[in-house]
Amino acid sequence: MKLTASAQMRELDRRAIQERGISSIDLMERAAAGVAAAALDLLPVQPGKARASVLCGAGNNGGDGIAAARLLVLKGIRVRVFLAGRYERLTPDAMEETRRLSECGVELEPFDPGSQDQTDWIAASHVLVDAIFGVGLSREIAPDSAAAAAIGLMNRSRGRIVAADIASGVEADTGRVLGCAVKADRTVTFTLPKIGQFTGDGVLYSGQVDVREIGIPADLVRRTACTVMTVEREYVREALPPRRPDGHKGDFGKLLIVGGAVGYTGAPYLTAAAAVRTGCGLVYLGVPDSIWEAEAARCVCAMPFPLASWRGGGLRGTALPAILEKLEGCDVLAIGPGLGRNEDTARLVREILKRTEKPVVLDADGINALEGHIDILDVRRDRVTILTPHDGEFARIGGGLSAGRAEAARCFALRHGCTLVLKGHRTVTATQAGTVLVNTTGNSGLAKGGSGDVLTGTVASLLAQGAAPVRAAAAGVWLHGRAGDLAAERLTAYCMTPEDVIREMPEVFLEMGN
């Protein structure tokens, strides 16, 4: 599903109005119809017994709210409409909607944060419509402003909140909260969903996002090139590598996993177990000889082998020849889970990255090994490298989130010629072609140690089986999140473990028709 930026939406509106001759007031009326329908749907009582508050700004987003208020009045709802802005700044369309509302016997009231009457009405409303700011908001909302007061009242009210186009205070292009924001139960967004409704804190403030067609010509929408998209089930289904009915284990990928240290025996095991469970034909697991016996006892489907370790229990640099020799017979290397942070081990990781031409999935302390040595990625620009950092690891290798998660990931992938999986709520996968894929599965039960190791094994498994790098990354994230959702449904987010996520993978593949 395409996700648009605010500038793209403004251009779509402009072209529809100026080039196709579509009336802007007609677009506003259709937008208002979607907002009003959502408000009616959320009412806990019959319309004749309901009261509603509509809080508007002076722009066209406010006009959408004023028009929606009129439609709610016509349904028999008692509605009051408050302007958290200056009357003289109403746009021509918003002014026309104010006139139409007045003809229905309802006047636009200046919002007064100090009015007990207004406060009481808003607090007791069954449904509220947020139409203060639209997708063009890019500045912080002043904490002492009328808009901030209106947002606070809506968030404290007992009624359900419908946001028109975007929850006021959410930046449309990043999902950042600009000072404060409405926490909507539902957002009715127009024409196409916005990036900020699926990334950053905007996910938490948007509620259920419904897309409403308002009359923008379909060909204009179709030709809108969006660099940010969501990952849906059909994408994952198409990304899964086909399995030959007459295939043998060598046909379904050979994966080498390198990881582990004393005190970190679970990470490599989880990575290997996830890789086997998601279809990889042969999984080799290289671990320090200090923990080899423990891994060998647990891994009944993967094949652990010992590597030289230093006294503290992590991999030594002298393990390099054995790793490169084993990698010669494999398709993909996954390195990092449970390695520990030791400079000798970090040098080993960097040397492997420089020497091997094989595709690499780099996770955890494998990523940390790049701190201060990010040039290693540039050396691999013409090779397949997938990184799977969380925010802290991303920061260590020079990533910054000030521009928003999607844009930060996109810039990093472009700059270093890699595929970046930036983990977190709504994990994003950025490509070296400049596109970003936003995941829509997963839950807080995945916020536990070991979950990232399962993800690494899943992504590396798909890559070893022949999936294209970007598809392996984005589909792996979706499968991991979906398995987490099934685990949470069965065990709750509190009680599920990374191993439970692995156990749910067969059900996910059955859902996919595999």
Side-chain angles (χ1 to χ4, degrees), residues 1 229-257 270-285 300-303 327-334 356-363 382-388 418-421 427-433 435-442 453-486 501-514:
M1 178 172 63
M229 294 163 281
T230 59
V231 177
E232 308 294 341
R233 188 183 301 270
E234 190 56 36
Y235 177 96
V236 179
R237 185 179 287 113
E238 293 175 359
L240 291 179
R243 293 183 73 85
R244 288 175 48 188
D246 62 342
H248 57 80
K249 58 189 177 184
D251 293 328
F252 301 120
K254 299 174 185 178
L255 171 63
L256 172 59
I257 300 167
L270 288 169
T271 302
V276 172
R277 179 65 82 182
T278 51
C280 193
L282 291 166
V283 178
Y284 300 96
L285 178 58
V300 296
C301 295
M303 292 166 282
L327 186 53
E328 279 299 311
C330 294
D331 303 303
V332 170
L333 169 66
T356 185
E357 298 288 329
K358 297 291 179 74
V360 175
V361 179
L362 196 63
D363 182 36
D382 59 345
R383 311 172 212 171
V384 174
T385 312
I386 300 174
L387 283 74
T388 62
C418 64
T419 298
L420 182 80
V421 176
T427 293
V428 298
T429 299
T431 79
Q432 60 191 95
T435 56
V436 178
L437 298 164
V438 180
N439 190 50
T440 55
T441 60
D453 305 311
V454 175
L455 175 62
T456 297
T458 303
V459 172
S461 171
L462 296 180
L463 188 61
Q465 292 174 68
V470 172
R471 285 180 173 264
V477 171
W478 191 96
L479 292 168
H480 177 254
R482 179 58 185 150
D485 289 338
L486 293 177
V501 175
I502 296 172
R503 293 188 189 104
E504 292 295 341
M505 280 293 181
E507 186 62 33
V508 179
F509 278 79
L510 287 170
E511 289 180 349
M512 303 297 291
N514 293 88

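Computed from heavy atoms alone, side chains included, the values below leave out hydrogens, waters and symmetry copies.
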Check your understanding: What pair of heavy atoms forms the shortest contact from A239 to A467, and how long is it?
Key -> O-CB, 3.8 Å

Review point. Is L256 close to V283 at the side-chain level, that is, under 4.5 Å between some pair of heavy atoms?
Key: no

Revision key, fill the gap. side-chain hydrogen bond (donor to acceptor under 3.5 Å, both in side chains) filter on T230, not counting sequence neighbours, yields E232

Review point. Got a second to check how far T431's OG1 is from I386's CD1, nearest 0.5 Å?
Key: 11.5 Å

Review point. Taking the side chain as C-beta and beyond, is there a heavy-atom pair between L240 and L479 under 4.5 Å?
Key: yes

Study note, to complete from the structure: One should read off an interatomic distance between Y284 OH and M303 CE, to the nearest 0.5 angstrom, of 4.5 Å

Review point. Who pairs with R233 by side chain to side chain contact (heavy atoms under 4.5 Å, CB included), at least two apart in sequence or on another chain?
Key: R237, W478, R482, E511, M512

Check your understanding: Quick one: does T458's side chain have a donor or acceptor within less than 3.5 Å of a partner on V454's backbone?
Key -> yes

Study note, to complete from the structure: Heavy-atom closest pair (T441 atom, G481 atom, distance to 0.1 Å) is OG1-CA, 3.3 Å

Check your understanding: Hey, are the side chains of T429 and N439 touching, using non-hydrogen atoms and a 4.5 Å cut-off?
Key -> no

Point to revise | Heavy-atom donor-acceptor pair, R471 side chain to G476 backbone, under 3.5 Å | key: no

Revision key, fill the gap. Between the CG atom in L437 and the OG1 atom in T427, the distance rounded to the nearest 0.5 Å is 12.0 Å

Check your understanding: T419 versus T385: any side-chain heavy-atom pair under 4.5 Å?
Key -> no

**Study point:** Distance in Å, T271 OG1 paired with L285 CG, rounded so as to fall on 0.5 Å steps
**Key:** 8.0 Å

Practice item. Measure the spacing between SG of C418 and CG of L387 and express it to the nearest 0.5 Å. Key: 5.0 Å

Point to revise | Nearest heavy atoms of C280 and A464, plus distance in Å | key: SG-CB, 4.1 Å

Point to revise | Side-chain H-bond candidate by donor/acceptor type, D363 with T388, under 3.5 Å | key: yes

Point to revise | Residue pair V332 / A460: nearest heavy atoms and the distance that separates them | key: CG1-O, 4.3 Å

**Study point:** Residue pair R243 / F252: nearest heavy atoms and the distance that separates them
**Key:** NH2-CD1, 3.4 Å

Review point. Quick one: CG on L255 to NZ on K358, what's the gap to the nearest 0.5 Å?
Key: 11.5 Å

Practice item. Mark yes or no for whether T440, through its side chain, and V231, through its backbone, hold a donor-acceptor pair below 3.5 Å. Key: yes

Distance-only donor-acceptor hits, side chain of residues 501-509, under 3.5 Å, sequence neighbours excluded:
unit_1: R503; atom_1: NH1; unit_2: D500; atom_2: OD1; d: 2.7
unit_1: E504; atom_1: OE2; unit_2: R490; atom_2: NE; d: 2.6
unit_1: E504; atom_1: OE2; unit_2: R490; atom_2: NH2; d: 3.2

Check your understanding: Where is the tightest heavy-atom contact between P359 and L463, given as atom of each residue plus distance?
Key -> CB-CD2, 3.8 Å

Practice item. Give the intermediate values and the outcome of salt bridge (Lys or Arg N to Asp or Glu O under 4.0 Å) for residues D331 and K254. Key: CA-CA 5 Å; D331 303 303; K254 299 174 185 178; over 6 Å; no

